[in-house]
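The structure appears right after this line, and notes come after that.
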Amino acid sequence: MIESNVNANRPAARALWTARAVGLLTVLFLAFDAVGKFLKPQAVADAFVRLGLPLSLAPAIGSLLLVLVVLYVIPKTRVLAAVLLTGYLGGAIAVNWRAGDPAFETLFPAIIGLLVWIPPYLLDARVRSLIPVVTESQVR
């Protein structure tokens, strides 16, 4: 009886590998972004000027992002990190929007936000219960 409950909460192999692949790509992108805020290459400096942010904030923003990425990598804190990353990325959308950036640059953090939620959704039944997906059989 206990084994059946354990297996019922275990994701299918395809969902597990999809979650791992999407999670890895997302973590690599966010970690790259965080490191860029410490190294401050010209592209980062230019972006901060364009967005109206002082470059002196870059290490603090990078530190925050790095802490969130570390929390995201830890399975027990992944959902909390996803919530916090959603707020972080929402701030990025607001800053880009205020600066008048093109639509893709403004919405790119939302795309990353969606990617952040794919692994928790695929791996955690509690998250799936909070985010219902309409299936074709429910539409009919």
Side-chain angles (χ1 to χ4, degrees):
M1 187 73 168
I2 292 175
E3 277 186 43
S4 64
N5 287 340
V6 169
N7 288 334
N9 291 330
R10 192 174 299 172
R14 194 161 80 174
L16 178 64
W17 283 103
T18 300
R20 286 178 178 168
V22 172
L24 177 64
L25 291 173
T26 304
V27 164
L28 288 175
F29 175 79
L30 292 172
F32 175 78
D33 189 36
V35 169
K37 288 178 178 36
F38 289 107
L39 299 178
K40 301 182 219 169
Q42 191 60 46
V44 170
D46 293 345
F48 269 71
V49 168
R50 188 182 75 250
L51 296 172
L53 298 171
L55 190 56
S56 62
L57 283 180
I61 294 171
S63 297
L64 173 63
L65 182 55
L66 205 52
V67 166
L68 295 177
V69 168
V70 169
L71 288 173
Y72 187 76
V73 171
I74 300 167
K76 288 188 180 232
T77 58
R78 182 173 292 129
V79 173
L80 171 64
V83 170
L84 296 173
L85 280 165
T86 301
Y88 174 90
L89 293 165
I93 292 168
V95 168
N96 287 333
W97 199 344
R98 185 194 65 72
D101 277 354
F104 180 75
E105 288 182 35
T106 300
L107 294 176
F108 188 72
I111 295 166
I112 299 300
L114 288 172
L115 293 176
V116 161
W117 278 101
I118 290 173
Y121 182 84
L122 292 175
L123 299 176
D124 192 331
R126 297 170 302 166
V127 174
R128 282 193 303 278
S129 72
L130 295 172
I131 307 171
V133 175
V134 177
T135 62
E136 189 176 322
S137 63
Q138 292 171 324
V139 174
R140 293 181 188 167

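Worth knowing before you read on, the calculation uses all heavy atoms, side chains too, and leaves out hydrogens, waters and symmetry mates. Predicted model only: the values in this text are computed from it and were never measured.
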Once rounded to the nearest 0.5 Å, what's the spacing between atom CD of E105 and atom CH2 of W97?
15.5 Å

Within this structure, what is the CG-NZ distance for the pair L65 and K37, rounded to the nearest 0.5 Å?
6.5 Å

Side chain of N96, backbone of A92: donor and acceptor closer than 3.5 Å?
yes

Following the transitive rule for hydrophobic clusters with a side-chain heavy-atom cut-off under 4.5 Å over Ile, Leu, Val, Met, Phe, Trp and Tyr, establish whether L64 and F29 coincide in one cluster.
yes

SB check R50 D46 (cutoff 4.0 Å):
no

Answer with yes or no whether the hydrophobic clustering places V116 together with V73; edges join I, L, V, M, F, W, Y residues whose side-chain heavy atoms lie under 4.5 Å apart.
yes

Do you know which two heavy atoms are closest between L122 and A15, and how far apart they sit?
CD1-O, 3.7 Å

Enter the distance from D101:CG to L51:CG here, rounded to the nearest 0.5 Å.
5.5 Å

Minimum heavy-atom separation for V44 to G36, with atom names?
CG2-O, 3.7 Å

Is it possible for you to say whether I131 and L89 belong to one hydrophobic cluster, with membership spreading through side-chain heavy-atom contacts below 4.5 Å?
yes

Search all heavy atoms of Y72 against all heavy atoms of V27 and return the closest pair with its distance.
CD2-CG2, 3.6 Å

Quick one: do R78 and D124 satisfy salt bridge (charged side-chain N to carboxylate O under 4.0 Å, His left out)? Show the steps, please.
CA-CA 10 Å; R78 182 173 292 129; D124 192 331; over 6 Å; no

So if you build clusters from Ile, Leu, Val, Met, Phe, Trp, Tyr with side-chain heavy-atom gaps below 4.5 Å, do L85 and L80 land together?
yes

Taken to the nearest 0.5 Å, the spacing of L84 CG from T77 OG1 works out to 9.5 Å

For I93, does its backbone N or O pair with a side-chain atom of T106 as donor and acceptor, under 3.5 Å?
no

Which atom of Y88 lies closest to which atom of I61, heavy atoms considered:
OH-CG2, 3.4 Å

What's the shortest heavy-atom distance between L55 and P59, and which atoms?
O-CD, 3.9 Å

To the nearest 0.5 Å, what is the distance between CG on L107 and CD1 on I112?
12.0 Å

Mind checking whether I118 and L130 sit in one hydrophobic cluster, side chains of I, L, V, M, F, W, Y counted as touching below 4.5 Å?
yes

Any chance you could lay out the side chain to side chain contact (heavy atoms under 4.5 Å, CB included) test for V83 and W117, step after step, and finish with the verdict?
CA-CA 9 Å; V83 170; W117 278 101; 3.8 Å; yes

Distance from I111 atom CD1 to T26 atom OG1, nearest 0.5 Å?
12.0 Å

